[in-house]
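Working notes, structure below.
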Amino acid sequence: MHNFEHIIAERKGAVALITFNRPKVLNALCNAMIAELETVLALIEADPSLSVVVVTGNGKAFAAGADIKEMADKRFTEVFSTDIGGSRWQRLGSFRKPSIAAVAGYALGGGCELALMCDIILAADNAKFGQPEITIGTIPGWGGTQRLTRAIGKYKAMDLILTGRHLDAEEAERSGMVSRIVPLADLVPEALKLAEKIASLSSPIAMLAREAVDSAFETTLSEGLKAERRLFHASFATQDQKEGMVAFLEKRPPVFKNQ
Ligand code: CAA
């Protein structure tokens, strides 16, 4: 799709597959890698032929966190003025198309936070999640205290964030942050299959649906219900809604045109 140094971006039909590619440091998320991720996500978002993104790492790590080597000697004024953890780092969280994190091995610190920015998390049976920042004298800074807490509840989030302990795939699934566990060898094929299923449906409707779900994290119930209703109403402005409902009545598969 594009040549990058720290990530690999590939087009798989209507699905973009992004693979973190710093295996020697367990895909530690350096600034340059975050910049590449930001760039590729903007390209995917602007490309109407791409409907879904899958983000993955390698067998040993999705990503073992922000690059500690790069952060270790930074002072308050530097992290504050560059706003580390701000919108550039949260780009996956504001990405408007459906996103799937396919997690094998370690997803720690910023790696766990990137997975939590996605719409769906699939885990390989060797996945390990955690927010170990407290063990290196800091706290999660890319959304972990907020998204993890909303995903698994205050008490479990406190247990993880205050101890830095890891959560295996089974516990992560039980806690509600992982939707499904698959054998390691099947992880990327399963994630692509899931992405292709979503991409076979209407892209604008999927975007409306994920925006409606996301509003559950942002608002009160009554505001969220109102946002959902408006997005539901908006779906009636698309040709794909007409096609989907007419196809059902005509007992044939729909042909969505992403219009
Ligand atoms: N940053 C920089 N380098 C890292 C790294 C990180 N987050 N995680 C691992 N590495 C490097 C190691 O330094 C090591 O490099 P060298 O071979 O040059 O020594 C290499 O990756 C392999 O790591 P280990 O030898 O430690 O591998 P292991 O299998 O023994 O342990 C691990 C794996 C438990 C994941 C361990 O590497 C680890 O604890 N990593 C750090 C996890 C962490 O604290 N993450 C949070 C970072 S802070 C953050 O993310 C803040 C935020 O909110 C955004």
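The analysis underlying the following values was restricted to heavy atoms, covering all of them including side chains, and did not include hydrogens, waters or symmetry mates. Every number for a ligand or one of its atoms is a count from 1 in the order of the listing.
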Return yes if some donor-acceptor pair links the side-chain N/O of Glu10 with the main-chain N/O of Leu17 below 3.5 Å, else return no.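 Checked: no pair found.
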Going by atom type alone, with no hydrogens or angles, which donor-acceptor pairs under 3.5 Å involve a side-chain atom of residues 197-209 and a protein atom two or more places apart or on another chain?
from   : atom 1 : to     : atom 2 : distance (Å)
Ser200 : OG     : Lys197 : O      : 2.7
Ser202 : OG     : Ile205 : N      : 3.3
Ser202 : OG     : Asp240 : OD2    : 2.6

Is the shortest distance from a Lys or Arg side-chain nitrogen in Glu171 or Arg165 to a carboxylate oxygen in the other one below 4.0 Å? yes
Please lay out, stage by stage, how Lys257 and Glu243 fare under the test side-chain contact (heavy atoms from CB on, under 4.5 Å). CA-CA 9 Å; Lys257 297 200 167 132; Glu243 169 61 13; over 6 Å; no
With under 30° as parallel and over 60° as perpendicular, where do the rings of Trp142 and Trp89 fit, or are they tilted in between?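 Tilted, since the angle between the ring planes falls between 30° and 60°.
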Would you please write out the protein residues whose heavy atoms approach any atom of ligand 1 to under 4.0 angstrom, listed by chain and number? Lys24, Val25, Leu26, Ala28, Lys60, Ala64, Gly65, Ala66, Asp67, Ile68, Met71, Tyr106, Leu108, Gly109, Gly110, Glu113, Pro132, Glu133, Ile136, Pro140, Gly141, Trp142
Stepwise side-chain contact (heavy atoms from CB on, under 4.5 Å) test for Lys74 and Ile84: CA-CA 11 Å; Lys74 288 203 191 309; Ile84 292 184; 3.9 Å; yes
